[in-house]
2 protein chains.
Amino acid sequence: MHREADDNERETRSGRNIIEIIRTMRAELRKSDRKVADVVLKDPQRILNATVGETATFAEVSQPTVLRFAMAIGCKGFQDFKIRLAQSLAFGTPATHSVLLETDDPETVAEKIFEYTMTSLDWARSHLDRAALHKAIDILANARTIEFFGFGASGIVAHDAQQKFPLFGVPCGAQLDSHQQIMIASMMKQGDVAFVISNTGTTRSIIEIARIARANGAAVICLTGSDSPLASYCDVALIVETLENTNMYTPTISRIAALVVIDILSTSVAMRRPLEDQARFHNMKRQLSDMRKVQTI
Amino acid sequence: MHREADDNERETRSGRNIIEIIRTMRAELRKSDRKVADVVLKDPQRILNATVGETATFAEVSQPTVLRFAMAIGCKGFQDFKIRLAQSLAFGTPATHSVLLETDDPETVAEKIFEYTMTSLDWARSHLDRAALHKAIDILANARTIEFFGFGASGIVAHDAQQKFPLFGVPCGAQLDSHQQIMIASMMKQGDVAFVISNTGTTRSIIEIARIARANGAAVICLTGSDSPLASYCDVALIVETLENTNMYTPTISRIAALVVIDILSTSVAMRRPLEDQARFHNMKRQLSDMRKVQTI
DNA sequence: TCCGTTCTGTAGTAAAATTACATAAAACTA
DNA sequence: TAGTTTTATGTAATTTTACTACAGAACGGA
């Protein structure tokens, strides 16, 4: 008897993105099952409208093999497999379709970038460390002041964060300039929070900031793209994995995923705040909307 | 005989989001079909793992009625219906599940914000005006200089755009300060491009910028959230519709959609550039990556 | 009330998914 | 290397599921 997926832990949406699962499990599959895996990966859309028999023909195996394949990758049966496949395919097939070509017209570029962004967000979603998130929220909710640090694209994220957090009564700053960063970091103390943003996590000066802030007793949270050197200088590391590859035309998805994480943090922190602060926030929002209408130069 | 969905126009992704279709068609359905529609809308997830018989039981109708329902909403059969439903459900049911509650724990908040962001992006994707996109790319590709204007959250988008575009040999600026904006707009002339970003599109001062820049002969592109007053002062209006509602805890999705549009524009413009510029871009990227490693304070 | 149309359920049929079993291939042991 | 156990794959039977034909019921208009 061969491995059967544990039936208990599959409830609402445990094994998301069956295509990823197939790809990672491909190596350890039976030879015939691999044939099935290959036809599925090659043209998943075709399988959606196919029966067991048709799929068996495509893969040049027998019908039970197709069933066994479905079982092997953790599905209850062929129907269940098709449902899961359909859900994975809702974004379009990530890797295959999203590669930008020199010859693409603007509409295709738009489609691909949207697809790619959504797929990457989904990836980031499923790879986000929930424990770290919890811890970061705890720290931020109890912060006296928060300083956001970042360069380049990460600087944008820092700037965005600085716009959102003060709304709930916590004084914040965003430091985008290298010298300014050192100065501010040196002045931090117990009760302050340094929020360090760096996609690569290897930039020397930003690591230095984390080190200084921590040495001064501040809590340090980092938001980075992989388990980088920066993480070891921080109390909490929020690692936002994305599918970014180095292709010239691939846009920088990392900042978008980072912005979503900022949304999550600011929202969660806001929900912990006393009601009076929330009222003040509403007030602010109304004033801003008034200003928009009357403001002259 | 009753209406049958036209079979020819259903190919890859014509009838997207079957749930929306059901909701809109609900009124004109047969009485028994409506019973089926209701159980589907109430708990779509449950139908995914159900057979025709089970669905019939849930809706308290006969099995053929379930089949006729599937046909009525434009599916080829029950199987096809389930596949379509699964695809619609991949994001999670937007309206229902994505509403943030006071009682949500951080993990749920994270899930909901990711879901909501992805759903909104998908919405923006399908509502983006392709003709306007085309036109904007044409203008940007031939620009001598580009100035990005924006306040608040839109200022971040402007800042981001300013970081991406110069890479391809076009000098750019980002103006986030009101006075600075007026000054720069006043100095623009034929051949320059003013890229005005405002989610609401109603902020007076930003409309003024568009007016001034245009009066001076500059081409004006706006990136806004709806068909706003601002659009009438521009040569091209890129309208990025999002699902933003005014709920306190709903994060500002508009800036994320705007950033994706910036990605699309910059990528498309880059692809029109001569190869020498693309080489220069690669060079720059390498130098940046070198700097990251050696840079000390 | 009668006739025609539109719904909806019963019962039957075709087709698909799943299981049981047997044979072939591979791996392991002596 | 021969024999034995284990694993992998196909054939054929069985069950389940999706779909169709038909007939009775409900509704609407004259």
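Small disclaimer: the values here were computed from a predicted structure and weren't measured. Here is the naming used below: chain letters follow the sequence lines, and residue numbers restart at 1 for every chain.
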Contact between A/Leu265 and A/Leu238 at the side-chain level, heavy atoms closer than 4.5 Å - yes or no? yes
Starting from P on C/dC7, measure out to CZ on B/Phe69 and report it in whole angstrom. 16 Å
Nearest heavy-atom contact between A/Ser266 and A/Lys164 is OG-CD, 3.8 Å
In whole angstroms, how far is the P atom of C/dA27 from the NZ atom of A/Lys31? 9 Å
Between A/Arg30 (CZ) and C/dA24 (C1'), how many Å, whole number? 15 Å
Are any of the side-chain nitrogens in A/Arg255 or B/Asp263 under 4.0 Å away from the carboxylate oxygens of its partner? yes
So, OP1 or OP2 of C/dG9: does either fall under 4.0 Å of a side-chain N or O from B/Thr65? yes
Could you work out, with salt bridge (charged side-chain N to carboxylate O under 4.0 Å, His left out) as the rule, every residue matching B/Asp43, not counting sequence neighbours? none
Provide, to the nearest angstrom, the distance between the NZ atom belonging to A/Lys35 and the C1' atom belonging to D/dG10. 11 Å
Does a side-chain N or O from A/Ser32 land closer than 4.0 Å to OP1 or OP2 of D/dA8, or not? no
Roughly, in whole Å, what's the span from CG in A/Leu29 to P in D/dA8? 11 Å
Report the distance from atom CZ of B/Arg68 to atom C1' of D/dA18, rounded to the nearest whole Å. 14 Å
Under the 3.5 angstrom rule, does the side chain of B/Ser88 hit a backbone N or O of B/Ile18 as a donor-acceptor pair? yes
Tell me: CG of B/Asp33 to P of C/dT8, nearest whole Å? 6 Å
Do other residues, nucleotides or ligands put more than 12 heavy atoms under 6.0 Å from A/Glu54 CD? yes
So which protein N/O to nucleotides 16-18 of chain C N/O distances come out below 3.5 Å?
| unit_1 | atom_1 | unit_2 | atom_2 | d |
| --- | --- | --- | --- | --- |
| C/dA17 | OP2 | A/Val52 | N | 2.5 |
| C/dT18 | OP2 | A/Phe78 | N | 2.8 |

